[in-house]
Amino acid sequence: MQFTASIKKTLWSGTLAVLLMAVIAGCSGQNNTAASGETAQPSASQAADAGNNTSEQAAGGTFVYGRPAAVTSFDLHNQITSNNAFAIDKVFESLVAFNSEGEIVDWLAASHTISEDGLTYTFVLRDGLKFSNGNAVTAKDAVFSLERHLKVGGPLAIAAKVDSVTAQDDKTLVIKLQEPYTPFISELSNFSNGIIPADFGGATEEEFFKNPVGTGPFAVEAWDPAGDVTFVKNANYWQEGKPAIDKLVYKLIEDDSQAINQLKAGEVNAVEALALQNAEELKNGADTAVVTNGSWVTEQLFFNTLDEHFKDVHVRRALALALDREGLTKALTFGYAKTANSLLPTTIPYNANDTIKALNYDVEAAKAELAKSAFPNGFSTKLLIASGNSTRAQEAQIIQAAGQAIGIKIEIESIELASFRERFFAYDFAAMLNSGQADSPEANSILAFQTDPEGFSKSYWTHYTNDEVTKLLYEGQKTADGDARVEIYTKLLQTLADEVPYIPLYYPDILIGARSSVEGLTVLPNGSVRFEDVRIGQ
Amino acid sequence: MMMPGKLQGSAAGNRTSYSWLTAALIRAAVVILCVMTAVFFLIRIVPGDPAKMILGEYSTPEAIAAMHHTLGLDLPLWEQFIRFVKLLFTSGDTGNSIVSGTSTRVLIAERAPVTMLLIGMACVIAIVIALLLATVAATNKDKLADHLIRIFPAITLGMPIFWVGILFIMLLSVRLRWFPVGGVGEGWSGMLYSLTLPAVTVAFSQIPTLVRSLRAQMLEVLESDFVVTLRAARIPGRVILFKHVLRNSALPTLMLLGVNISYLIGGTLVVEQVFGIKGIGSLLFTSISNRDFPVIQGIALYCAVSVVIISLLVEILAKWLDPRTKGTR
Amino acid sequence: MKTTTIYPELQTDGPKTTLLRRILNTPSLLAGSIMFAVLILLAVFIPYLSPYDPTEQNLSAFLQPPSAEHWLGTDQLGRDLFTRLIYAARTDLTIMVLAEIIPFCTGIFLGMVAGYYGKWVDNVITLITDTFIAFPFYLIVIIVAFASGAGQRGIYITFILVGWIVFARVVRGLSASFREQEWIASARTLGLSGPRIILRHLLPNVLPQAVVVLMTDMVGLLVAIVTLGYLGIGIAPPTPDWGTMIADGQSFISTAWWLSAVPGFAVVYTGIALSLVGDGLADLWRKK
């Protein structure tokens with residue numbers, strides 16, 4: 001008896017709550033219809049049902065990829081961050097591309113030639129190239145694409161001094177430079193140099209990037225700029241029979257452990273940007289695996305060379321000598337990174353990592369070095385890091401302990417990413433932890449940012465100025481690939497290792513967590529993944 | 001919250017319900033305006049620049065300046081504020097997202113239902129459990145059951161939501177596979193199923209205060225002269241309990257629930273992060289991290305309006321429940 | 001002038017033995033106090049109890065399982081987990097107590113003023129409270145944390161901003177109801193000034209209830225500190241803190257679950273202790 005009565009009461013309370021909900025829902029519903037002027041992006045379907053994934057067919061099916069940030073834009077000329085880059089490169093492709101080894105290969109171009117003087121680049125397009133809407137790709141589309149990129153500039157602007165971009169005929173594209181720029185061919189492999197239809201295929205810019213049309217293996221089917229993206233296979237893709245899967249879903253999962261647990265439970269097929277400390281767990285799991293590749297990233301400790309303490313080269317050298325980079329790498333990366341000697345990761349040509357003489361762990365030498373500086377008795381300083389990154393926080397604590405061993409007292413200042421950027425863009429830091437990342441397999445890519453005091457970032461906000469280094473940087477850009485270029489970069493990198501405007505700590509691997517049944521994932525050194533050959537398996 | 005004193009303190013009886021409602025609505029409007037103004041300036045005082053979040057760390061000053069210009073962020077603050085107020089009053093919208101260009105209203109309308117369902121489910125679960133526990137405890141005062149139930153809130157009160165969530169996921173989803181690990185399922189049943197675990201997690205944080213308040217109120221009523229009289233009149237115990245005691249002790253708990261819901265409307269962030277739910281909370285976190293001003297303002301507006309509506313509803317319900325105001329209607 | 005109070009037992013001028021007996025007769029208060037005292041003693045004497053330094057690293061012995069040497073094993077930087085756990089209690093409990101002082105005082109003050117004077121004073125204070133409640137809670141927390149940089153400063157500022165509301169609401173309700181009661185009315189007819197009535201008569205009567213709320217609120221604050229740590233905007237390393245410890249350990253939850261489970265239990269333990277104290281105090285003052 002008591003129970004029936006209590007159920008009544010419960011029902012009453014339940015109704016009350018539902019009523020409240022209904023009223024609010026009603027209000028938001030009104031808001032929704034009021035916004036009819038805007039077209040709502042249909043939210044991507046959660047196609048991750050286990051039924052779909054475990055289907056026995058070898059090809060076809062929907063591949064669900066968990067990612068920490070949403071795709072917010074497909075405008076290839078205005079974007080740089082990986083959340084967008086790795087979606088743009090599924091839809092748009094460039095004339096040349098890099099493979100998983102980081103070598104440049106012809107992609108939309110069947111072949112390319114570079115003139116002896118390094119000024120004329122000629123590309124011949126593949127036969128039968130089509131956009132995902134079925135229209136043929138001509139050299140005119142390439143001209144339009146590159147010219148828009150030159151006009152827009154954007155975060156991955158074309159650094160070469162381009163004289164002209166012309167379509168010699170339907171299939172031949174000629175680019176002329178004003179002066180030689182060896183990294184050019186490599187930079188053309190960037191997603192930002194992808195080919196889009198001339199005049200946006202007749203659409204307005206805004207419309208086009210809402211419903212992008214490219215030559216890539218996938219086309220956008222549904223897109224929620226604060227949520228998921230569903231891609232469908234491009235039926236007109238030039239690599240016949242590819243992609244093997246029918247659909248690709250980018251599922252937004254912001255929380256690390258949530259992503260890993262969804263992978264373990266089979267709710268996603270793979271997850272992007274696995275944190276180093278989570279790799280071991282997935283590697284040992286029965287149903288999960290870790291797919292890796294070397295990256296183009298160098299994790300570094302940056303010094304502000306205008307800082308009262310760190311302007312002294314002996315101080316920088318002392319801290320470098322006090323730091324056990326090997327121990328740090330071992331403790332924090334679980335075998336998924338290489339200890340760094342050179343500024344350039346081993347995946348980048350001319351890295352000289354094996355030959356360079358870096359300042360290795362030696363506390364006595366560190367103390368001796370500090371004694372030579374203006375602060376023989378040590379000093380207090382601050383280390384700026386972005387919060388929310390567990391590995392960086394641990395790194396900072398190791399560096400703090402290293403400093404303490406030679407009398408440098410380091411306070412860790414951990415602030416949130418947007419504020420962190422404000423601080424170092426204003427040169428308002430003594431030392432910071434950050435990484436340098438190449439955009440293409442080119443030594444110049446990292447060096448141009450980190451050694452050019454005339455550049456907008458003044459040697460990546462370190463203010464590091466060494467005329468000899470800058471001279472070598474420009475020489476390297478103009479020297480054709482070969483031994484002469486090796487010599488230039490080796491010399492440059494050794495100077496950096498001696499003067500340490502930044503301490504390269506390690507080169508982290510790219511880690512993709514996947515179900516063990518997944519086959520054919522190609523991990524690229526920039527962190528993107530090719531899904532053309534992916535098979536979901538059982 | 002605009003409820004409690006209004007009834008007890010001021011002369012609720014001799015004011016007409018019409019003028020009461022007008023006053024409440026004016027207050028609501030003032031509250032919403034205060035929130036919007038405060039949010040506008042607060043998020044701009046915090047260091048951080050949306051352009052740098054979009055363009056990344058390798059962006060040139062020219063690119064940043066160009067983006068500031070397109071977004072109108074290069075205008076003086078007061079001019080930005082006037083623009084914002086104009087937009088708010090002419091369209092009821094807070095503008096398009098800086099990051100994705102989508103209308104804030106669309107973004108919120110897509111996410112609000114999930115969050116509301118989550119809050120609704122959590123409240124239903126919390127109320128059911130709290131009613132059950134409080135009734136058992138109050139009717140068995142100082143017996144074993146009472147002591148056990150009183151320890152329960154003490155235990156759950158100190159449990160961080162994310163920690164409970166992680167433990168639930170590890171145990172019930174990953175090990176036992178009873179529930180999906182996270183995300184939101186399709187269709188009504190899929191949604192309800194996938195939101196069960198998050199809702200229980202949220203309910204965990206609500207139950208302690210509800211049980212405590214309800215038990216205390218019930219005890220007070222049970223020990224009051226009124227109930228003693230009823231008992232003397234030989235009215236059956238359960239009738240007294242459910243018809244009189246619960247009704248009379250529901251009021252303060254309802255108020256508490258109102259406050260809790262107000263808190264939850266903008267406070268489901270952690271549980272959404274842990275369970276990978278794309279709701280209002282996770283949108284808020286992402287937008288703050290990216291300094292997506294229009295979206296932050298939109299969410300603040302949405303939350304303020306919802307909270308105000310909830311308080312009004314609670315106030316109306318309280319008037320209806322309160323035996324003192326009952327006679328006057 | 002004697003203070004008026006409706007909780008006569010609060011006055012310490014009664015025989016001490018009765019008070020002690022009453023405490024002993026309130027098992028929840030006794031249990032809670034003992035639990036809390038144990039934690040405090042551990043936190044105070046940890047430098048003498050543990051041979052380890054909470055920030056001392058050992059990169060060659062990281063992530064060790066519990067052993068006789070390291071009771072709870074070591075963390076990712078090879079630091080002794082047990083030592084850090086107790087040092088974290090120092091950090092978190094200190095913040096918890098200090099961050100409550102100002103909100104507790106302002107909350108009670110504003111609540112009494114609003115409740116006693118009513119009218120426009122009440123309206124203004126209620127409007128401010130309403131605005132804060134209509135504000136998405138995490139928006140304030142995150143913005144303040146972002147604006148003030150990392151660490152403890154942000155936590156103090158946040159709780160000075162929002163912490164008073166809960167006290168103001170409770171005290172305002174109480175004060176408003178006391179206002180209608182005879183003893184306040186007679187104090188007024190005796191010609192006592194408002195501030196005097198508030199401080200000498202209202203305050204002693206609202207304080208017990210406020211203290212009970214304080215106990216619960218401290219638990220809430222502790223949970224909030226820990227949650228900030230989880231969101232990555234809590235206390236800066238290397239200061240040990242339960243929230244950061246849980247967050248750091250989360251990556252190893254299937255290989256070394258204790259890394260994040262144990263600091264979690266520490267929070268729950270503190271929560272139980274404080275809730276029991278709060279419950280017990282409420283019981284003590286309710287008993288006639």
Side-chain angles (χ1 to χ4, degrees), chain B residues 1-2 4-5 8-10 27-28 30-32 34-35 38-39 42-43 45-48 147 150-151 153-163 166-167 170 174 205 208-209 212 216 259 262-263 265-267 269-270 273 280-281 284-285 288-289 296 299-300 303-308 311, chain C residues 27-28 32 114-115 118 122-123 126-140 142-144 146-147 169 172-173 176-177 179-180 216 219-220 222-224 226-227 230-231 243 246-247 250 253-254 257 260-261 263-264 267-276 278-279 282 286:
Chain B
M1 187 104 333
M2 49 204 54
Q8 303 151 356
S10 65
R27 288 164 67 87
V30 174
V31 165
I32 292 171
C34 287
V35 170
V39 169
L42 269 178
I43 55 179
I45 291 170
V46 177
H147 289 303
R150 291 180 64 190
I151 292 176
I155 297 173
T156 51
L157 194 65
M159 289 189 175
I161 277 199
F162 71 93
W163 191 74
I166 293 168
L167 292 187
M170 288 310 294
V174 177
S205 67
T209 47
R212 260 197 197 159
V259 178
S262 315
Y263 165 80
I265 283 172
L269 185 150
V270 172
Q273 289 279 116
I280 290 291
L284 178 66
F285 192 65
I288 301 178
S289 303
I296 304 174
I299 294 176
C303 289
V305 171
S306 312
V307 167
V308 162
S311 342
Chain C
S28 49
D122 186 23
N123 280 331
T126 316
L127 190 71
I128 300 173
T129 329
D130 287 352
T131 308
F132 270 98
I133 290 175
F135 222 94
F137 174 70
Y138 278 101
L139 187 59
I140 305 187
I142 296 174
I143 284 181
V144 174
F146 284 6
R169 286 170 47 81
R172 176 186 166 279
S177 67
R179 202 173 95 99
E180 310 297 322
T216 322
V219 181
L222 180 67
V223 170
V226 171
T227 305
Y230 165 76
L231 290 176
I246 298 176
Q250 215 190 321
I253 196 144
S254 59
W257 56 269
S260 55
V267 180
V268 175
Y269 175 90
T270 317
I272 296 175
L274 287 174
S275 309
L276 288 178
D279 266 10
R286 206 181 295 123

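In what follows, every chain begins at residue 1, and chains take the letters A, B, ... in the order their sequences are listed. Note that the structure is predicted; figures quoted are calculated from it, not measured. Below, each value reflects all heavy atoms present in this structure, side chains not excepted, and no hydrogens, waters or symmetry copies.
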Proximity breakdown for B:L284 and chain C, heavy-atom pairs closer than 4.5 Å: side chain

side-chain contact (heavy atoms from CB on, under 4.5 Å) evaluation trace for C:V267 with B:W163: CA-CA 10 Å; C:V267 180; B:W163 191 74; over 6 Å; no

Value rounded to 0.5 Å, distance of OG in B:S289 from CD1 in C:I142: 7.0 Å

Residue B:M170 versus chain C: region with a heavy atom under 4.5 Å: side chain

Which atoms of B:P160 approach chain C - backbone, side chain, both or neither, heavy atom under 4.5 Å: both

Spatial distance of atom CZ (B:R27) from atom CG (C:N123) [nearest 0.5 Å]: 5.5 Å

Contacting moiety of C:T270, where chain B heavy atoms sit under 4.5 Å: neither

Where B:C34 and C:T131 come nearest, the two heavy atoms and their spacing: CB-CG2, 3.6 Å

CA sep, side-chain torsions, deciding dist, call: C:F135, B:V39, side-chain contact (heavy atoms from CB on, under 4.5 Å): CA-CA 8 Å; C:F135 222 94; B:V39 169; 3.4 Å; yes

Separation between CG of C:L139 and CD1 of B:I43, rounded to the nearest 0.5 Å: 7.5 Å

Nearest-0.5 Å distance, CZ of residue B:F162 to CD1 of residue C:I246: 4.0 Å

Heavy-atom pair count under 4.5 Å with chain B, highest-scoring of C:D122, C:V226, C:I128, C:I140: C:V226

Chain B contacts, top residue of C:G271, C:A134, C:P136 (heavy-atom pairs, under 4.5 Å): C:A134

Spacing of CZ belonging to C:F132 relative to OG belonging to B:S262, to within rounding of 0.5 Å: 15.0 Å

Approximate separation, where rounding is to 0.5 Å, of C:I272 CD1 and B:M159 CE: 7.5 Å

Best-contacting candidate, C:L274, C:T227, C:L222, C:L231, against chain B by heavy atom pairs under 4.5 angstrom: C:T227

Atom group of B:L157 that falls short of 4.5 Å from chain C, counting heavy atoms: both

C:T216, part contacting chain B, at a heavy-atom distance under 4.5 Å: both

Proximal component of C:I143, with respect to chain B [non-hydrogen, under 4.5 Å]: both

